[in-house]
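Accompanying notes for the structure given below.
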Protein chains: 2
Amino acid sequence: MSGMLEDIDARIAAVLAADGRCSYTELADKVGLSVSAVHQRVRRLEQRGVIRGYAARIDGEQIGLPLTAFVSLTPIDPAEPDDYPQRLLPLPQIEACYSVAGVESYIVKVRVASPSALEALLAQIRATANVSTRTTVVLSTPFEDRPITVGGATPESTTRAEHT
Amino acid sequence: MSGMLEDIDARIAAVLAADGRCSYTELADKVGLSVSAVHQRVRRLEQRGVIRGYAARIDGEQIGLPLTAFVSLTPIDPAEPDDYPQRLLPLPQIEACYSVAGVESYIVKVRVASPSALEALLAQIRATANVSTRTTVVLSTPFEDRPITVGGATPESTTRAEHT
DNA sequence: GGTGAAAAACATAGGGT
DNA sequence: ACCCTATGTTTTTCACC
């Protein structure tokens with residue numbers, strides 16, 4: 001296989017998924033390589049697009065965006081070109097856009113300040129994308145953005161042995 | 001108001017949401033404060049829980065988890081205590097869990113290696129949580145995890161002026 | 001809150017195995 | 001591919017405003 005991920009790369013990815021600001025020193029310690037070897041691998045992972053970037057996880061409730069919702073989109077005119085994601089991209093309240101199998105075509109995840117802001121956003125979505133919408137309001141988020149687990153590689157699998 | 005976010009903290013959060021590995025030096029430059037002032041503010045944001053942590057964004061397709069789905073959960077026994085999130089927590093394939101308003105009670109987002117892995121996971125979810133499930137398979141993800149925009153504060157709003 | 005400077009830790013590049 | 005060493009940067013703490 002060509003695109004498969006080596007075990008050690010999987011562990012690096014798992015560690016960084018759990019702690020994006022982990023230092024190369026600590027990372028090296030955790031996966032059992034030297035700092036430079038780890039650094040090299042991380043750069044390759046970034047280059048290959050396995051690591052797409054780094055982000056701080058922000059608590060939406062504390063920054064004035066307490067209302068999250070999932071909005072399912074159904075095209076009104078089936079003859080239209082399918083460029084919905086592009087049309088939705090300019091709306092910054094839309095955090096994610098998924099093309100899905102099912103009665104509806106897309107699901108987007110949105111974050112807004114209030115019910116009236118959601119109302120306004122839905123109107124914008126319908127207008128800019130020419131779709132009908134079905135909205136599911138999130139009441140609470142027990143957990144979110146959990147670090148990936150790839151092939152049994154959890155962040156705390158290995159600790160480097162001393163080599164003195 | 002007590003919990004409201006200052007403008008400069010909002011900008012810090014926005015920058016770190018867009019680039020979680022941004023150095024304090026660069027951050028200080030972008031928001032127009034000294035390195036130590038920014039560092040102090042970031043620590044306070046972390047402490048207050050505004051910044052919940054940092055994560056590398058991993059491309060699921062490249063690490064052997066190409067299949068994403070949203071699974072809606074409906075409790076079978078309405079008399080049961082509502083501890084579904086706790087019961088789902090041990091399943092690492094579940095990346096997020098939302099309590100929602102609507103016909104169903106929860107929506108969880110899952111990542112798996114294959115259709116058969118999805119089938120197995122759904123069986124596990126039904127068994128451990130005593131729910132019925134409705135699954136929407138993600139065909140593609142035009143965009144995801146876009147950095148937050150809080151009160152007009154985008155990462156590239158301000159650059160520090162030289163003070164020589 | 002904010003600043004600036006010093007010490008410690010870290011990132012990064014080069015050369016060797 | 002990996003390790004080690006050397007250099008420049010960044011983080012972190014601290015005394016002061």
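In the text below, chain A, chain B and the rest are named by the order of the sequence lines, each starting its count at 1.
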Can you tell me the distance, in whole Å, between the [atom1] atom of [X] and the [atom2] atom of [N]?
X       : N      : atom1 : atom2 : result
A/Gln40 : C/dA11 : CD    : C1'   : 14 Å
B/His39 : C/dT3  : NE2   : P     : 15 Å
B/Glu26 : C/dC10 : CD    : C1'   : 17 Å
A/Tyr24 : D/dT11 : OH    : P     : 12 Å
B/Leu33 : C/dG2  : CG    : P     : 5 Å
B/Glu6  : C/dG2  : CD    : C1'   : 12 Å
B/Arg43 : C/dG1  : CZ    : C1'   : 15 Å
B/Arg44 : C/dG2  : CZ    : C1'   : 10 Å

Review point. Any donor-acceptor pair under 3.5 Å between the side chain of B/Ser36 and the base of D/dC14?
Key: no
Check your understanding: When the nearest nucleotide of DNA chain D is assigned to A/Arg41 and to A/Arg21 on a heavy-atom basis, which residue is associated with the more 5' position?
Key -> A/Arg41
Check your understanding: Taking atom CG of B/Leu27 and atom CG of B/Leu33, what is their separation to the nearest 0.5 Å?
Key -> 9.0 Å
**Study point:** Side chain of B/Ala37 (C-beta onward), nearest among C/dT3, D/dT12, D/dC2
**Key:** C/dT3
Check your understanding: Would you say the side chains of B/Glu46 and B/Tyr54 form a donor-acceptor pair under 3.5 Å?
Key -> yes
**Study point:** Phosphate OP1/OP2 of D/dT11: any B/Thr25 side-chain N/O under 4.0 Å
**Key:** yes
Check your understanding: Taking 4.0 angstrom as the limit, do A/Glu95 and A/Arg111 come out as a salt bridge?
Key -> yes
Check your understanding: For B/Glu80, does the CD atom have more than 12 heavy-atom neighbours from other residues, nucleotides or ligands under 6.0 Å away?
Key -> yes
